[in-house]
Amino acid sequence: MTSSMPPPIVDPTRLHDAVIDWFGRAARDLPWRRDATPWAVMVSEFMLQQTPVARVLPVYEAWLERWPTPADLAAEPAGEAVRAWGRLGYPRRALRLHAAATAIVEGHGGQVPTSPEDLRALPGVGEYTAAAIISFAHGGRAVVMDTNIRRVLARVVTGVEFPAAAVTAAERELATSLLPAERAHVWAAATMELGALVCTARSPQCQVCPVAQMCRWRAAGHPAHDGPPRRGQSWEGTDRQCRGRLMAVLRDATGPVAKAALDVVWPDAAQRERALDALVADGLVEPLEDETYALPGT
DNA sequence: GAGTCGTGGTG
DNA sequence: TCACCAAGACT
């Protein structure tokens, strides 16, 4: 696969050293770094998918205390995972994490897999999460591309404000070419941290950036994003909002709830029924007898 | 490849 | 205020 991208202008070694050195001073003391067992890393990565660190922290702590191993989680009904997920959002992630724990117990002796293939076969583990687990849990060498790293590379190396909506081949080639032979996992964590703390989406702190001197976007005068506007996520009146309301009722209940309790949280009956059916199809809700509903297995 | 899937903080 | 954004995965 040939790339249409010009070769990187920055010197990879300088880039690595600057970012990793900065990371040594500025890295946050996060619980999944302090106790980076494979299961802890895996749980954190599921929770951090599209969810800010600050909101993950309390749920993460409670989760690992209750379920210190994959087997502990797999031993309980999926609904308990959904309930403990709380208001993190995208509750299917809780379902997938539970299913992944079950698969780990049944197929991997209770140990989080180490190979990309085995990791990707787990529900909820995509390209990013597999690479993250390999890097942060096993100290392996993998191309990690999350929203932070993609933005940092787009700016520093490519010279544009934002990466494309979806990962491109050129981007993957660039990230691969920059993957250091040694301490690749530190490079991944450091680049991600730089994107999270300094090279942020809204208001980048170039004044304190360790690679400002070699940043192509900065050198070009911070040109604004050129391309189609990134589609905002609508919310009011959507199925997602409706689903959220229904799930909140079931989470906050101690057992099965009557359908009437669900009806009152969404006025549009047709949309409500459609959303409820979808939740059942997704496995997030279990219909029981006498027109009652519950989280699966509870 | 574009759509869908939650929730809440913030510039 | 409100559109944007947050360690994506899946169809």
Side-chain angles (χ1 to χ4, degrees), chain A residues 23 27-28 30-33 36 40-60 82 85-97 99-100 119-137 142-153 161-169 175 185 188-197 199-205 225 228-251 265-266 274-275 278-279 281-285:
Chain A
F23 183 65
R28 291 168 291 181
L30 300 171
W32 44 86
R33 287 179 180 159
V41 170
M42 181 170 162
V43 170
S44 75
E45 291 303 337
F46 270 70
M47 291 185 174
L48 287 164
Q49 290 168 6
Q50 297 285 284
T51 307
V53 167
R55 199 173 331 146
V56 165
L57 286 171
V59 181
Y60 168 87
V82 174
W85 198 255
R87 305 186 67 80
L88 281 184
Y90 292 147
R92 289 191 289 197
R93 290 181 295 166
L95 223 45
R96 290 172 183 154
L97 182 52
L119 285 168
R120 284 298 302 271
L122 298 173
V125 177
E127 179 182 349
Y128 162 75
T129 301
I133 293 173
I134 288 170
S135 295
F136 308 142
V143 177
V144 182
M145 277 193 300
D146 79 315
T147 186
N148 291 305
I149 293 176
R150 294 184 63 215
R151 186 174 55 249
V152 168
L153 295 185
E161 185 179 18
F162 295 117
V167 175
T168 65
H185 64 289
T191 316
M192 195 177 307
E193 192 79 337
L194 185 65
L197 298 182
C199 194
T200 59
R202 300 277 192 100
S203 50
Q205 306 297 305
H225 178 62
R230 303 131 110 207
R231 199 167 80 281
Q233 317 159 343
S234 59
W235 176 246
E236 198 61 32
T238 61
D239 284 5
R240 295 165 77 179
Q241 185 184 28
C242 180
R243 288 165 60 106
R245 294 259 185 93
L246 297 174
M247 290 303 297
V249 172
L250 294 168
R251 268 200 316 269
V265 300
W266 196 260
R274 174 157 42 88
L279 288 172
D282 288 346
L284 283 165
V285 175

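Keep in mind the model is a prediction, meaning the values are calculated, not measured. Chain identifiers are assigned alphabetically (A, B, ...) following the order of the sequence lines, protein sequences preceding nucleic acid strands; residue numbering begins at 1 within each chain.
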Open item on the list: Judged by each residue's nearest nucleotide on DNA chain C, which is more toward the 5′ side, A:Gly126 or A:Pro52?
Closed with: A:Pro52

Open item on the list: Over all strands shown, is A:Arg87 touching base, sugar-phosphate only, or nothing at heavy-atom distances under 4.0 angstrom?
Closed with: sugar-phosphate

TODO: Ignoring backbone atoms, establish whether A:Arg55 has a side-chain N or O less than 4.0 Å from OP1 or OP2 of C:dA6.
DONE: no

Task: Below 4.0 Å: OP1/OP2 of C:dA6 and any side-chain N or O of A:Thr51 - done: no

- [ ] Measure the shortest side-chain to side-chain distance between A:Leu246 and A:Val285 over non-hydrogen atoms and say whether it is less than 4.5 angstrom.
- [x] no

Open item on the list: Under 4.0 Å, heavy atoms only, any strand: does A:Gly89 hit a base, just the sugar-phosphate, or nothing?
Closed with: base

TODO: With the side chain of A:Glu193 defined as its heavy atoms from C-beta on, choose the nearest nucleotide among C:dC5, B:dT4, C:dA7.
DONE: C:dA7

TODO: Can you tell me the distance, in whole Å, between the CG atom of A:Asp239 and the P atom of C:dT11?
DONE: 19 Å

Open item on the list: Expressed as a whole number of angstroms, how long is the span from A:Leu48:CG to C:dA6:P?
Closed with: 13 Å

TODO: Check every strand shown and say whether A:Glu127 touches a base, only sugar-phosphate, or nothing at a heavy-atom separation below 4.0 Å.
DONE: sugar-phosphate

Task: A:Gln49 side chain near A:Tyr90 side chain, heavy-atom distance below 4.5 Å - done: no

Task: Least distance between heavy atoms, A:Ala188 atom then A:Val144 atom - done: CB-CG2, 3.8 Å

Task: Sugar-phosphate, base or nothing in reach of A:Arg274, heavy atoms under 4.0 Å - done: nothing

Open item on the list: Tell me whether the side-chain N/O atoms of A:Arg93 come closer than 4.0 Å to OP1 or OP2 in C:dA7.
Closed with: no

Task: Nucleotide nearest A:Tyr90 (side chain, heavy atoms from C-beta), chosen from C:dA7, B:dG6, C:dC10 - done: B:dG6

TODO: Specify the separation, in whole Å, of atom CG of A:Leu57 and atom C1' of B:dG9.
DONE: 14 Å

TODO: Give A:Ile149 one of three labels, base, sugar-phosphate or nothing, depending on what nucleic acid heavy atoms sit under 4.0 Å from its own.
DONE: nothing

Task: Side chain of A:Arg96 - closest among C:dA7, C:dA9, C:dC4 - done: C:dA9

Task: Donor-acceptor pair under 3.5 Å, A:Arg240 side chain vs B:dG6 base - done: yes

Task: Residue met sooner reading DNA chain B from 5', once A:Ala166 and A:Ser203 are mapped to nucleotides - done: A:Ala166

TODO: Kindly say if A:Gln49 contacts the phosphate of C:dG8, meaning a side-chain N or O under 4.0 Å from OP1 or OP2.
DONE: no

Task: Touch class at under 4.0 angstrom, heavy-atom based, for A:Trp32 against every strand present - done: base

Open item on the list: What's A:Leu30 touching, base or sugar-phosphate or nothing? Going by heavy atoms closer than 4.0 Å.
Closed with: base

Open item on the list: Base, sugar-phosphate or nothing for A:Arg120? Non-hydrogen atoms, less than 4.0 Å.
Closed with: nothing

Task: d(CG, A:Leu122; C1', C:dG8) in whole Å - done: 15 Å

Task: Nearest-Å distance once atom C1' is located in both B:dG1 and C:dA9 - done: 14 Å

TODO: Output the single nucleotide from B:dT10, B:dT7, B:dC5 whose closest atom is nearest the side chain of A:Trp235.
DONE: B:dT7

Task: Between C1' of C:dA9 and CE of A:Met145, the distance in whole Å - done: 15 Å

Task: Lys/Arg N to Asp/Glu carboxylate O, A:Arg33 vs A:Glu193, below 4.0 Å - done: yes

Task: Test item: A:Leu97 and A:Met42 side chains (from C-beta on) under 4.5 Å apart, heavy atoms - done: yes

TODO: Grab the CD-P distance between A:Glu161 and C:dC5 for me, whole Å please.
DONE: 9 Å

Open item on the list: Quick check for you: to the nearest 0.5 Å, what is the distance between A:Trp85 atom CH2 and A:Arg92 atom CZ?
Closed with: 12.5 Å

Open item on the list: Rounded to whole Å, how long is the line connecting atom CE of A:Met247 with atom P of B:dT4?
Closed with: 20 Å

Open item on the list: Can you see if the side chain of A:Arg150 gets near the phosphate of C:dA7 - specifically, an N or O under 4.0 Å from OP1 or OP2?
Closed with: no

Open item on the list: Donor-acceptor check, side chain of A:Arg93 to backbone of A:Met47, threshold 3.5 angstrom: yes or no?
Closed with: yes

Open item on the list: Taking any heavy-atom pair under 4.0 Å as a contact, classify A:Ala201: base, sugar-phosphate, or nothing.
Closed with: sugar-phosphate

Task: Rounded distance [0.5 Å steps], OG1 in A:Thr129 versus CZ in A:Phe46 - done: 6.5 Å

TODO: Pick the P atom in C:dA7 and in B:dC5, then give their distance to the nearest Å.
DONE: 22 Å

- [ ] Using a 4.0 Å heavy-atom cut-off across all strands, classify A:Thr129 as base, sugar-phosphate, or nothing.
- [x] sugar-phosphate

Task: Closest listed nucleotide, where the reference is the side chain of A:Pro91 and the choices are B:dG6, C:dA7, B:dC5 - done: B:dG6

TODO: Tell me what A:Val125 touches on the nucleic acid: a base, only sugar-phosphate, or nothing, going by heavy atoms under 4.0 Å.
DONE: sugar-phosphate

Open item on the list: I need the CG-C1' distance between A:Leu197 and C:dA6, as an integer number of Å.
Closed with: 13 Å

